[in-house]
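Take a look at the structure set out below.
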Protein chains: 2
Amino acid sequence: MTSSKIEDAPIGPVPAEAGPTQLSLGVAARLSRYLQVLTQAQKTGRATLSSQELSDYTRVNSTQIRRDLSGFGKFGKRGVGYNVDALADEIRQILQAGSQQNIALFGAGHLGKAIGSSGIFADHGFNVIAVFDADPKKVGMNVGGQAVRPIEDAKRVIEEQDVLVAVLAVPGEAAQVLADTLVAAGVRIIFNYSESLLDVPAEVTVHTSNPAADLLHALYFYLS
Amino acid sequence: MTSSKIEDAPIGPVPAEAGPTQLSLGVAARLSRYLQVLTQAQKTGRATLSSQELSDYTRVNSTQIRRDLSGFGKFGKRGVGYNVDALADEIRQILQAGSQQNIALFGAGHLGKAIGSSGIFADHGFNVIAVFDADPKKVGMNVGGQAVRPIEDAKRVIEEQDVLVAVLAVPGEAAQVLADTLVAAGVRIIFNYSESLLDVPAEVTVHTSNPAADLLHALYFYLS
DNA sequence: TAGATTGTTAATCGATTAACAATC
DNA sequence: TAGATTGTTAATCGATTAACAATC
């Protein structure tokens, strides 16, 4: 019974200048993708980006991008495009990003090390505050500047530091039992990088990574 | 100018017993997710799965799942559900999976090792036929049972083995130059695990992994 | 000014959902 | 039989797209 509190999505495109109505599922997903592109564009020093360029990178239709954005204000300049810094700030505000969430990472194998030492979460203001592993031989190893801790400490750390988000980079066999423990300790969003399917209570959101499914789907269109 | 041949999607739900019409973008994406779940369910020995269970794991509405499937035949048994093995086979046929694609993996760092040694692609009939790295110190290392090769060999291997799919697990700075080389050699689908944005010709599909964007989006709904 | 790109409308299409008869 | 779940219809809502005036 994997499920999600994201289930019954609400309210559509918001009237211009609208207040903090709950975003629809689709709009929120797209806005976060625009933000991802803007964040990268900032790094390469781009000052402006047009809706067409955003479309090229996100695969979202450019008209829809303009429509999504214009629901919250007139952020663009005709003939020029959108100011990268300003638009990134606007989207962060809309998404209420910057809430400085603490993340716990589980598994210090290859994948755990890759996630822990990449800046991928830090770039968006998330802190990986702890890395855990069940293997005593891995405890104490350095992953992304932190010593790996024993899995037995997880419950305490989650509770003490109000960890809502857990990233699972563990073997499939270990995932369900671990997920049960984490949910009991207070975790509400799980990023599952194991191949295992997870059963969690309805109030918990599971996000499963699926490269093989994505590839199957990409290939279908290539081969057709 | 990242773009995709998946852009202009075609044709909707197909009349029952329809032939090999091109699937719509959404249907193909969903079918590949159903297949992913079925493949996992097979491993745990499940014999049948109901549309509701598939819905729990994929977050796709159960009515839509039944609708997607019934477009291709009557695969389910009322009061029972879908036979896991049989449905997996049907979906593989619909998606024309099993075409035994060769995949090349770039980057033998933590992420490359994680991908190379996981069975995630092999499970779906994809062969990771080579692992490349630009660092001479990594050449020769064992990743998923293969010796890492120097990046200079990539062009030849791609051409000789008809590699259409490349997985990029390289640092952001290296990604664009590498992508250009790969596209020139014949690659048409790129899985980009670097944080860099890629510009590729229109005939190439880029799939960028985006955990931070996904998290932002999941958190928005949690916090609202 | 001329060219580019936004903001917005209107029309179409696909996704979502509830409901329920059919049937295993 | 009784309970469960499919296959299918109909109604609604959101996404997609083309088009274009406004304007930088």
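Owing to the predicted nature of the structure, the values given are computational and were not obtained by experimental measurement. Order of the sequence lines sets the chain letters (A, B, ...), proteins ahead of strands, with each chain counted from 1.
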> Are B:Phe106 and B:Phe132 close enough that their ring centres sit under 6.0 Å apart?
Replying inline: yes
> Can a side chain N or O of B:Ser51 be found less than 4.0 Å away from OP1 or OP2 on D:dT5?
Replying inline: no
> For A:Phe221 and B:Thr205, what are the C-alpha separation, side-chain angles and deciding distance, and is it a side chain to side chain contact (heavy atoms under 4.5 Å, CB included)?
Replying inline: CA-CA 10 Å; A:Phe221 285 98; B:Thr205 302; over 6 Å; no
> Side chain of A:Glu159, backbone of A:Gly186: donor and acceptor closer than 3.5 Å?
Replying inline: no
>> Please report the distance, rounded to the nearest Å, between CD1 in A:Ile65 and C1' in C:dG7.
In response: 14 Å
> Got a donor-acceptor pair under 3.5 Å from the side chain of A:Arg78 to the base of C:dA4?
Replying inline: no
> Start at the 5' end of DNA chain C and walk down; is the nucleotide closest to A:Thr63 or to A:Gly79 reached first?
Replying inline: A:Gly79
> Between which residue ranges does DNA chain D form stems of three or more consecutive Watson-Crick or G-U wobble pairs, both distances under 3.5 Å?
Replying inline: C:3-24 with D:3-24
> How many Å lie between CZ on A:Phe75 and P on D:dC24, as a whole number?
Replying inline: 16 Å
>> Can you tell me if B:Lys74 touches the phosphate of D:dT8, counting only side-chain N or O atoms and a distance under 4.0 Å to OP1 or OP2?
In response: yes
> In whole angstrom, what separates B:Gln64's CD from D:dT8's P?
Replying inline: 16 Å
> Looking only at side-chain N and O atoms, does A:Asn61 come under 4.0 Å of OP1 or OP2 in D:dT16?
Replying inline: no
> Sub-3.5 Å donor-acceptor pair from the side chain of A:Asn127 to the main-chain atoms of A:Ile129, do we have one?
Replying inline: no
>> In this structure, how many angstroms lie between the C1' atom of C:dT6 and the CG atom of A:Leu54, rounded?
In response: 13 Å
> In whole angstroms, how far is the C1' atom of D:dA15 from the CG atom of A:Asp68?
Replying inline: 9 Å
> A:Arg59 CZ to D:dT17 P: how many Å, rounded?
Replying inline: 13 Å
>> Check the phosphate of C:dG14 against B:Ser24, side-chain N and O only, distance under 4.0 Å to OP1 or OP2. Yes or no?
In response: no
> Passes side chain to side chain donor-acceptor pair (under 3.5 Å), B:Asp199 versus B:Gln176? Steps please.
Replying inline: CA-CA 7 Å; B:Asp199 286 328; B:Gln176 181 65 59; 5.6 Å; no
> Could you give the CZ-to-P distance, from B:Arg67 to C:dT16, as a whole number of Å?
Replying inline: 10 Å
>> So for atom NZ, which belongs to A:Lys77, do other residues, nucleotides or ligands contribute more than 12 heavy atoms lying within a distance under 6.0 Å?
In response: no
>> Taking the nucleotide of DNA chain D with the nearest heavy atom to each, does B:Ser50 or A:Arg66 sit closer to the 5' end?
In response: B:Ser50
> OP1 or OP2 of D:dC24 sitting under 4.0 Å from any side-chain N/O of A:Tyr82?
Replying inline: no
>> Measuring to OP1 and OP2 of C:dA15, would you say a side-chain N or O of B:Arg30 lies under 4.0 angstrom away?
In response: yes
> Rounded to the Å, how far apart are A:Leu49 CG and C:dT5 C1'?
Replying inline: 13 Å
> Do the ring planes of B:Phe191 and B:Phe121 sit parallel (below 30°), tilted (30 to 60°) or perpendicular (above 60°)?
Replying inline: perpendicular
